[in-house]
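One structure below.
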Amino acid sequence: MTEPTFAGLVSRWYERNARDLPWRHPDVSPWAILVSEVMLQQTPVVRVLPAWQAWLARWPTPAALAQDTPAEAIRMWGRLGYPRRALRLRECAVAVVERHGGQVPDHLEQLLALPGVGTYTARAVAAFAYGQRHPVVDTNVRRVVCRAIAGEPDAGPATRPADLVATEELLPVEPASAALASAAFMELGAVVCTARSPRCGVCPVEATCAWRASGQVAPDGPTRRPQRYAGTDRQVRGLLLGVLREATGPVPHQRLDQVWSDDVQRARALAGLVTDGLVEPVGENAFRLIGDGPPAPVPT
DNA sequence: TAACCGTGGAA
DNA sequence: TTTCCAAGGTT
């Protein structure tokens, strides 16, 4: 009789307490899982649920999305935030069709090469869609491992190679068990070992938690700068894109002028949207979502 | 490395 | 009301 491992304890807890999220169902395609992972980047589960359903109902395969316009992808994205993700997801669908015959690849290197897919998302798809053994490290997992193993209150702002190593050492050898453990770590961080008010009373590894043993030392020093939103270019971009998203086809410059009074900042935000490929000019004084209609006539 | 990139809900 | 933060990626 050996002691249960850390991963074993968390996995056991997960099997009994996991939320019933649709992208975790066994019959879900790798494409559907990839879509969920991209939508979940910096975005709460409750907001992703309806968007994910609608997206896959419209574009059940990468090929379906690849054939539609960027403008429609941006519209379907709705108010999930970070609309560049919609653009990247469509580019990703195009790449999957062109490079992989329409099938989401199952090799880490191939996944990493896809637009909008980084270290976390590539590993998440490899593990959750294909059952491979990879450390899947997001903000939840970093926090769980940091607290339970290292005994520190919080992890750093970005995932580092050391985080992957530390997490990999916790994974069971068997691939399917490792994938399950990865999902379990994430769930624990999302539901129990939360950033603000951890529910240590219901934690399956409270007895061995290094942070708990230390008396739950508070974070030391100032954390990262709280990023303001009101008054930033980000907010102005959001307002501008909101108008363009609701419109069909070109929107007169004059109508965009109404969303923000500061001419300089508004122009900068609009230029940024164009630079990012979300918006394009139509003629001299109108703009539209990228690819929303036939190409503007080229003067000869 | 650090700044930038949306949005909305809870504390 | 303000602050925090939510399955990151890109440059």
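Every chain is numbered from 1 and lettered A, B, ... according to where its sequence line falls, protein lines coming before strand lines.
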### Task
Using the rule that two of Ile, Leu, Val, Met, Phe, Trp, Tyr join whenever any of their side-chain heavy atoms come within less than 4.5 Å, decide whether A:V282 and A:V279 are in one cluster.
no

### Query
Does the side chain of A:Q41 get closer than 4.0 angstrom to OP1 or OP2 of C:dA7 through an N or O atom?
no

### Message
Between C:dC5 and B:dC5, how many Å separate the two C1' atoms, rounded to a whole number?
### Response
16 Å

### Task
Take the protein atom CH2 of A:W77 and the nucleotide atom C1' of B:dG8, then report the distance between them rounded to whole Å.
16 Å

### Message
In whole Å, I'd like the distance from the CG atom of A:L87 to the P atom of C:dT11.
### Response
12 Å

### Query
Tell me: CG of A:N140 to P of C:dA6, nearest whole Å?
7 Å

### Message
I'd like the C1' distance from B:dT1 over to C:dT11, given in whole Å.
### Response
11 Å

### Message
Between the base of C:dG9 and the side chain of A:T121, is one N or O donor paired with an acceptor at under 3.5 angstrom?
### Response
no

### Message
Can you tell me if A:R85 touches the phosphate of B:dC4, counting only side-chain N or O atoms and a distance under 4.0 Å to OP1 or OP2?
### Response
no

### Message
Applying the side chain to side chain donor-acceptor pair (under 3.5 Å) criterion to A:D257, which one of A:Q254, A:H253, A:R255 satisfies it?
### Response
A:H253

### Query
Which is true for A:T119 with a 4.0 Å heavy-atom rule: it touches a base, it touches only sugar-phosphate, or it touches nothing?
sugar-phosphate

### Message
Testing the 3.5 Å rule here: is there a donor-acceptor pair between the side chains of A:Q132 and A:H134?
### Response
yes

### Task
Select base, sugar-phosphate, or nothing to describe what A:A190 touches, counting heavy atoms under 4.0 Å on all strands.
sugar-phosphate

### Task
Quick one: label A:A124 by what it contacts on the DNA or RNA (base, sugar-phosphate, nothing), any heavy atom closer than 4.0 Å.
nothing

Do any N or O atoms of the protein come closer than 3.5 Å to N or O atoms of nucleotides 9-11 of chain B, and which pairs are they?
unit_1, atom_1, unit_2, atom_2, d
B:dA11, O4', A:R196, NH1, 3.4

#### Entry: Nearest-nucleotide pick for A:R79, side chain only, options being B:dT7, B:dC5, C:dA6
B:dT7

### Nearest-nucleotide comparison on DNA chain C, the residue closer to the 5′ end among A:V117 and A:W23
A:W23

### Task
Can you tell me the distance, in whole Å, between the CZ atom of A:R143 and the P atom of C:dG8?
10 Å

### Summary
Of C:dG8, B:dT7, C:dA7, the nucleotide closest to the side chain of A:L40 is C:dA7

### Task
Provide the distance between the two P atoms, one in B:dA11 and one in C:dA7, to the nearest whole Å.
15 Å

### Query
When we call it a touch if two heavy atoms are under 4.0 Å apart, what does A:G81 touch: a base, just sugar-phosphate, or nothing?
base

#### Entry: Closest listed nucleotide, where the reference is the side chain of A:T43 and the choices are C:dA7, C:dA6, B:dG6
B:dG6

### Task
May I have the distance from A:R268 (atom CZ) to B:dC5 (atom P), rounded to whole angstrom?
9 Å

### Task
Check the distance between C:dG9's C1' and A:L111's CG and give it to me in whole angstrom.
15 Å

### Message
Please classify the nucleic acid contact of A:S36 as base, sugar-phosphate, or nothing, using heavy-atom distances under 4.0 Å.
### Response
nothing

### Message
Is there a side-chain contact between A:L49 and A:W23 in this structure, where contact means two heavy atoms from C-beta onward sitting under 4.5 Å apart?
### Response
yes

### Task
For the residue pair A:T43 and A:R85, confirm or rule out a side-chain donor-acceptor distance under 3.5 Å.
yes

### Message
Taking 4.0 Å as the cut-off, does a side-chain nitrogen or oxygen of A:Y229 come that near to OP1 or OP2 on B:dT7?
### Response
yes

### Message
Base, sugar-phosphate or nothing for A:L21? Non-hydrogen atoms, less than 4.0 Å.
### Response
base

### Task
Starting from P on B:dG8, measure out to CZ on A:R234 and report it in whole angstrom.
14 Å

### Query
Of the nucleotides B:dT7, C:dA7, B:dG6, which one has an atom closest to the side chain of A:R237?
B:dG6

### Task
For A:I74 and B:dT7, give me the distance from atom CD1 to atom P, rounded to whole Å.
12 Å

### Task
Indicate, with yes or no, if A:W77 and A:L114 share a hydrophobic cluster defined by side-chain heavy-atom contacts under 4.5 Å among Ile, Leu, Val, Met, Phe, Trp and Tyr.
yes

### Query
Charged N to carboxylate O under 4.0 angstrom, A:R160 versus A:D163?
no

### Task
Consider only side-chain heavy atoms of I, L, V, M, F, W and Y, link residues closer than 4.5 Å, and tell whether A:L108 and A:L164 are in one cluster.
no

### Message
Heavy atoms only, 4.0 Å cut-off, all strands: where does A:R160 land among base, sugar-phosphate and nothing?
### Response
sugar-phosphate

### Message
Does A:R84 reach a base, just sugar-phosphate, or nothing at all? Heavy atoms under 4.0 Å.
### Response
base

### Query
Are A:V45 and A:V48 side-chain neighbours, meaning at least one heavy-atom pair lies under 4.5 Å?
no

### Message
Quick check: on DNA chain C, is the nucleotide nearest A:L114 upstream (toward 5') of the one nearest A:R19, or the reverse? Name the residue that is more 5'.
### Response
A:R19

### Task
State, with a plain yes or no, whether a side-chain heavy atom of A:E187 is found less than 4.5 Å away from one of A:R24.
yes

### Message
Please classify the nucleic acid contact of A:L241 as base, sugar-phosphate, or nothing, using heavy-atom distances under 4.0 Å.
### Response
nothing

#### Entry: Shortest side-chain distance from A:V45, nucleotide among C:dA7, C:dG9, B:dG6
C:dA7

